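Each residue takes its place number in the sequence, starting with 1. Note that the coordinates shown come from a computational prediction; the quantities given were computed from them, not determined experimentally.
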Amino acid sequence: MVTVRVFSERASLTHQLGEFIVKKQDEALQRKSDFKVSVSGGSLINALYESLVADASLSPRVQWSKWQIYFSDERIVPLTDADSNYGTFKKIVLDKLPSTVQVNVHPMDESLISNDGAESRDNIAAQYEQILPQSLDLVLLGCGPDGHTCSLFPGQKHKYLLEETEKRVAWCHDSPKPPSDRITFTLPMLKDAKALCFVAEGSSKQDIMHEIFDLKNDQLPTVLVNELFGKKTSWFVNDEAFGKVQAKNF
Ligand SMILES: O=C(O)[C@H](O)[C@@H](O)[C@H](O)[C@H](O)COP(=O)(O)O
C-alpha cells in the first residue's frame, strides 16, 4: 500500500513535498548527525527548487550543512555537461543557496569517464556504489512516461537492471531516454532506503499513471517499486498527471 497525494495547485504540491522532505530530515537528525538523501534527474529538480529554496516558510528549516546528497541515477557525461543530473541540480538548486551554506554532495567520479568500453562503465557504477551509505534516509524519484524510474527502464533489453540482486549501482546502456549511457540505483539499493518518494506532474504522465495505479502492470519498474516497497513509498502527483486514474486505494 503506497501513499498517494494528489494536488490541483503546483504551489501546494511543492510546499507539501518540502514539508515531507523536511520531516524526513528532522527525523533523521533526531537519530544521527546527518540526513542522507538521493536526487534523480528530470523535472523533479525544479520541484525541489520550489520546495526547498523558493518556499520562504520552508527554506529556513532546511539544514543543508547536515545533508549528504547522492544521485539515484546519473548520466555518464562530464559533470558540467547540460545532461548531467549533478550539473542540473547544482545549477538549479545548489547555486541558488547563499554562499555561506556548505553542502556535502557526492557526484559520480567524472575522471573515470574518458576510458571507453563496458568494463570502464561497470567500474564507474562500482565506484559510485563504494561511496554510497548502506541506507539512505530518503530516495527522491521521478517517473518517466514509459514507467521508468532512476534509470531502470521497462522492457526485455533492460531487464538485467531489474534482475540485479547484488550490485547496488549498475551501468545502464542503450537507455531509451538520452543520453544512452548511465549509472543507476538498483532494487537492492532502494530496498535498504528508509523512504522512497516519487514526484510526477503533467498530462504527459496520464497514461502511465493509469497503467501504474489502475492496471498495476508489473512489467513496469515503478509498479515493481510500489509492490516491493509500498509501505515506505509516497507519491506526490498533480491532477493533470492523475486525470485517468480510477483507483481510490493504492
Ligand atoms: O536522469 C534521468 O533521466 C532521471 O533520473 C529520470 O529517471 C527521470 O526522473 C524521469 O525520466 C522523469 O523525468 P521527468 O520528470 O522530467 O519526466
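In this structure, the separation between CG on D73 and SG on C150 is 5.5 Å, given to the nearest 0.5 Å. Note that the CG atom of L152 and the CG atom of L141 stand 9.0 Å from one another [nearest 0.5 Å]. Here OG1 of T184 is found 11.5 Å from CZ of R75. Values are rounded to the nearest 0.5 Å. K66 NZ to K36 NZ: the interatomic distance, rounded to the nearest 0.5 Å, is 13.5 Å. The distance from the CD atom of Q130 to the CG atom of N123 is 9.5 Å, given to the nearest 0.5 Å. For the atom pair CG of L136 and CG of L190, the computed distance is 9.0 Å after rounding to the nearest 0.5 Å.
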Item to check | Full working for side-chain contact (heavy atoms from CB on, under 4.5 Å) between K32 and D137 | outcome: CA-CA 11 Å; K32 57 197 175 73; D137 298 306; 2.6 Å; yes
Item to check | Evaluation steps, side-chain contact (heavy atoms from CB on, under 4.5 Å), between F198 and T222 | outcome: CA-CA 9 Å; F198 286 93; T222 35; 3.7 Å; yes
Item to check | Full working for side chain to side chain donor-acceptor pair (under 3.5 Å) between N217 and E211 | outcome: CA-CA 6 Å; N217 172 359; E211 215 175 323; 2.7 Å; yes
Checklist entry - Should I113 and V77 be marked as a side-chain contact (heavy atoms from CB on, under 4.5 Å) after you check the CA-CA gap, both sets of side-chain angles, and the distance that decides it? => result CA-CA 7 Å; I113 297 178; V77 293; 5.5 Å; no
Checklist entry - Taking it one step at a time, do I21 and L138 satisfy side-chain contact (heavy atoms from CB on, under 4.5 Å)? => result CA-CA 8 Å; I21 296 170; L138 177 63; 4.0 Å; yes
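Side-chain contact between S72 and V39 is absent, with no heavy-atom pair separated by less than 4.5 Å. The side-chain heavy atoms of V139 and Y70, taken from C-beta on, include no pair separated by under 4.5 Å. T233 has its side chain out of reach of T3: every pair of non-hydrogen atoms, C-beta onward, lies at least 4.5 Å apart. By the 4.5 Å heavy-atom criterion applied to side chains, V225 and T149 are counted as neighbours. At least one side-chain heavy atom of W64 sits under 4.5 Å from a side-chain heavy atom of L52. With a 4.5 Å cut-off on side-chain heavy atoms, W67 and V37 count as touching. Counting heavy atoms from C-beta on, the side chains of M209 and C143 come closer than 4.5 Å. Within the 4.5 Å cutoff, no side-chain heavy atoms of R5 are placed close to those of V237.
Considering every non-hydrogen atom in both I212 and V223, the closest pair reads CA-CG2, 3.7 Å. The shortest non-hydrogen separation linking G147 to P221 is O-CD, 3.5 Å. Minimum heavy-atom separation, V105 to L94: CG2-CD1, 3.7 Å. When all heavy atoms are compared, the tightest approach of P154 to H148 is CD-CB, 3.9 Å. The heavy-atom pair separating T14 from A47 by the smallest distance is CG2-O, 4.0 Å. Summarising the geometry of S151 relative to R182, their closest heavy-atom pair is OG-NH1, 2.8 Å, with the distance given to 0.1 Å.
Between F71 and Y128, the ring center distance fails the sub-6.0 Å criterion. Between H106 and Y86, the ring centre distance reaches or exceeds 6.0 Å. Aromatic ring centres of F250 and W235 lie farther apart than the 6.0 Å criterion allows.
Between the side chain of S40 and the backbone N or O of L140, at least one donor-acceptor pair lies under 3.5 Å. Side chain of R61 to backbone of G18: no donor-acceptor contact under 3.5 angstrom is found. Without hydrogens or angle criteria, Q68 side chain to F35 main chain gives no donor-acceptor distance under 3.5 Å. Remark: side-chain polar atoms of S84 are not paired, donor with acceptor, to backbone N or O of D81 under 3.5 angstrom. With K232 contributing its side chain and A193 its backbone, the two residues share a donor-acceptor pair below 3.5 Å. In terms of modelled atom types and a separation under 3.5 Å, the side chain of S135 and the main chain of D192 share a donor-acceptor contact. Within the 3.5 Å criterion, the main-chain N or O of A247 finds a donor-acceptor partner in the side chain of D214. With hydrogens and angles disregarded, a donor-acceptor distance shorter than 3.5 Å links the side chain of Q206 to the backbone of E240. Remark: the backbone N or O of R10 is not paired with any side-chain donor or acceptor of E201 at under 3.5 angstrom. Judged by distance alone, the side chain of E74 and the main-chain N or O of M108 form no donor-acceptor pair under 3.5 Å.
Cluster annotation: L220 and L215 are assigned to distinct hydrophobic clusters (Ile/Leu/Val/Met/Phe/Trp/Tyr, side-chain heavy-atom contacts under 4.5 Å, transitive). A continuous path of ILVMFWY side-chain contacts below 4.5 Å connects I69 to V53, so both sit in one hydrophobic cluster. With hydrophobic clusters built from ILVMFWY side chains whose heavy atoms lie under 4.5 angstrom apart, L187 does not share a cluster with F153.
A cation-pi arrangement is absent between K23 and F20 under the rule of less than 6.0 angstrom and at most 45 degrees off the ring axis. For the pair K96 and Y49, the cation sits on the ring face: its NZ or CZ lies under 6.0 Å from the ring centre, inside 45° of the axis.
No more than 12 heavy atoms of other residues, nucleotides or ligands shown are found within 6.0 angstrom of NZ on K90. For K194, the NZ atom sits in a packed shell: over 12 heavy atoms of surrounding residues, nucleotides or ligands are nearer than 6.0 Å.
Donor-acceptor pairing under 3.5 Å is lacking for the side chains of R168 and T186. For the residue pair Q30 and D26, no side-chain donor N or O sits within less than 3.5 Å of a side-chain acceptor on the partner.
In this structure, H173 and H158 have tilted ring planes: the angle between them lies in the 30° to 60° band.
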